[in-house]
Amino acid sequence: MQTDQARQDQIARGRFVVISHDCGGCHGGLTNPAAIGWLDGMRDTINDVFHIGPFVTRPKNLTPDNATGTGRFTERQIFNALRFGLRPEETPDVEITSTVPGQGNFPLHPHYLAPPMPWDAWRHMPDQDLWAIAAYLKQGLKPSKNKVPDSDGPPDFWASAYTAQKIGTYPAQPYPTVNEKR
């Protein structure tokens with residue numbers, strides 16, 4: 001069990017990672033946690049959407065509001081979203097030990113976060129940073145009620161975009177690979 005100081009340090013680390021990785025650039029507030037709409041999702045329905053082929057994706061509310069944000073998700077579900085790209089609303093609160101569908105609690109038919117969420121890069125971050133982000137989103141933010149319309153998505157929920165051939169393996173292949181020199 002964490003001490004209060006350890007928890008506050010973890011939340012502060014999560015805040016640093018969220019700011020330095022510009023989560024607010026899409027989810028609201030840019031890099032200013034004092035900004036109106038900080039991390040509460042898309043507000044401008046014309047400029048804040050992303051067009052991915054014929055689909056439209058919309059940045060979600062990341063504040064811990066139970067009705068419109070991440071309040072109904074556990075820190076584990078947020079961690080799994082960042083590590084494995086799994087939509088928290090469709091992924092149970094379980095430890096995932098494999099990236100193979102149907103093995104190690106990895107869903108047989110995964111529903112992934114929509115592009116342009118860069119989870120495929122974030123998945124290589126240290127566990128402690130991903131847990132810190134989850135702690136900050138759950139415990140370090142005030143809830144903000146902002147209902148963002150659901151994103152459009154193809155029937156396979158982006159699964160074809162996230163094959164190991166396209167995004168690499170997790171963990172990454174050991175150094176050096178065929179494209180690197182010692």
Requested in this report: Could you tell me whether Ile36 atom CD1 has more than 12 heavy atoms of other residues or ligands within 6.0 Å of it?
Outcome: no
Requested in this report: Identify which one of Asp150, Asp40, Thr70, Thr68 satisfies the side-chain hydrogen bond (donor to acceptor under 3.5 Å, both in side chains) criterion when paired with Lys60.
Outcome: Asp150
Requested in this report: Would you please test Trp122 and His21 for ring-ring contact (aromatic ring centres under 6.0 Å, His included) and show each step?
Outcome: CA-CA 10 Å; Trp122 286 54; His21 284 76; 5.2 Å; yes
Report task. Report, as yes or no, whether the 6.0 Å neighbourhood of atom CZ on Phe55 holds more than 12 heavy atoms from other residues, nucleotides or ligands. Result -> yes
Query raised in the report: Stepwise, does the salt bridge (Lys or Arg N to Asp or Glu O under 4.0 Å) test hold for Asp129 with Arg13?
Result: CA-CA 7 Å; Asp129 282 351; Arg13 175 67 186 170; 2.9 Å; yes
Query raised in the report: Parallel under 30°, tilted from 30 to 60°, perpendicular over 60°: which one fits the rings of Trp119 and Tyr112?
Result: parallel
Report task. Share the residues that join Met42 in a hydrophobic cluster, the rule being Ile, Leu, Val, Met, Phe, Trp or Tyr side chains under 4.5 Å apart at the heavy-atom level. Result -> Val49, Val56, Val148
Query raised in the report: Is there a side-chain contact (heavy atoms from CB on, under 4.5 Å) between Gln77 and Glu89 once you walk through the steps?
Result: CA-CA 8 Å; Gln77 287 172 297; Glu89 60 269 35; over 6 Å; no
Requested in this report: Step through the shown structure and confirm whether more than 12 heavy atoms of other residues, nucleotides or ligands are within 6.0 Å of CD on Gln128.
Outcome: yes
Query - Tyr162 and Pro115, any side-chain heavy atoms less than 4.5 Å apart - result: yes
**Report entry** In one Ile/Leu/Val/Met/Phe/Trp/Tyr side-chain cluster, 4.5 Å: Ile11, Val17
**Finding:** yes
Query - Side chains of Pro64 and Leu137 in contact at under 4.5 Å (non-hydrogen atoms) - result: no
**Report entry** Pairs touching residues 151-175 that satisfy salt bridge (Lys or Arg N to Asp or Glu O under 4.0 Å), sequence neighbours left out
**Finding:** Arg58-Asp152
Query - Sidechain-backbone polar pair: Arg123 side chain, Asp120 backbone, donor-acceptor under 3.5 Å - result: yes
Report task. Output, in order, the C-alpha distance, side-chain angles, deciding distance and verdict of side-chain contact (heavy atoms from CB on, under 4.5 Å) for Cys26 and Phe50. Result -> CA-CA 10 Å; Cys26 294; Phe50 297 93; 3.5 Å; yes
**Report entry** Asp22 and Thr31 side chains, donor-acceptor separation under 3.5 Å
**Finding:** no
**Report entry** Arg15, CZ: over 12 other non-hydrogen atoms inside 6.0 angstrom
**Finding:** no
Report summary line: For Thr57 and Pro116 the tightest heavy-atom approach is OG1-CD, 3.5 Å
Query raised in the report: Judged by atom type as modelled, is there a donor-acceptor pair below 3.5 Å linking the side chain of Asn80 to the main-chain atoms of Asp93?
Result: no
Requested in this report: Kindly indicate, with the supporting measurements, whether the criterion side-chain contact (heavy atoms from CB on, under 4.5 Å) is fulfilled by Met117 and Leu82.
Outcome: CA-CA 9 Å; Met117 177 59 195; Leu82 298 171; 3.9 Å; yes
Query - Carboxylate-amine/guanidinium proximity below 4.0 Å for Arg83 and Glu95 - result: no
Query - Pair His27 + Trp38: ring centers closer than 6.0 Å - result: no
Query - Atom CG of Asp44 with >12 non-hydrogen neighbours under 6.0 angstrom - result: yes
Report task. Kindly determine whether Phe79 and Ile133 satisfy side-chain contact (heavy atoms from CB on, under 4.5 Å), including the steps that lead there. Result -> CA-CA 8 Å; Phe79 176 93; Ile133 293 166; over 6 Å; no
**Report entry** Nearest heavy atoms of Arg182 and Pro176, plus distance in Å
**Finding:** NH2-CD, 3.6 Å
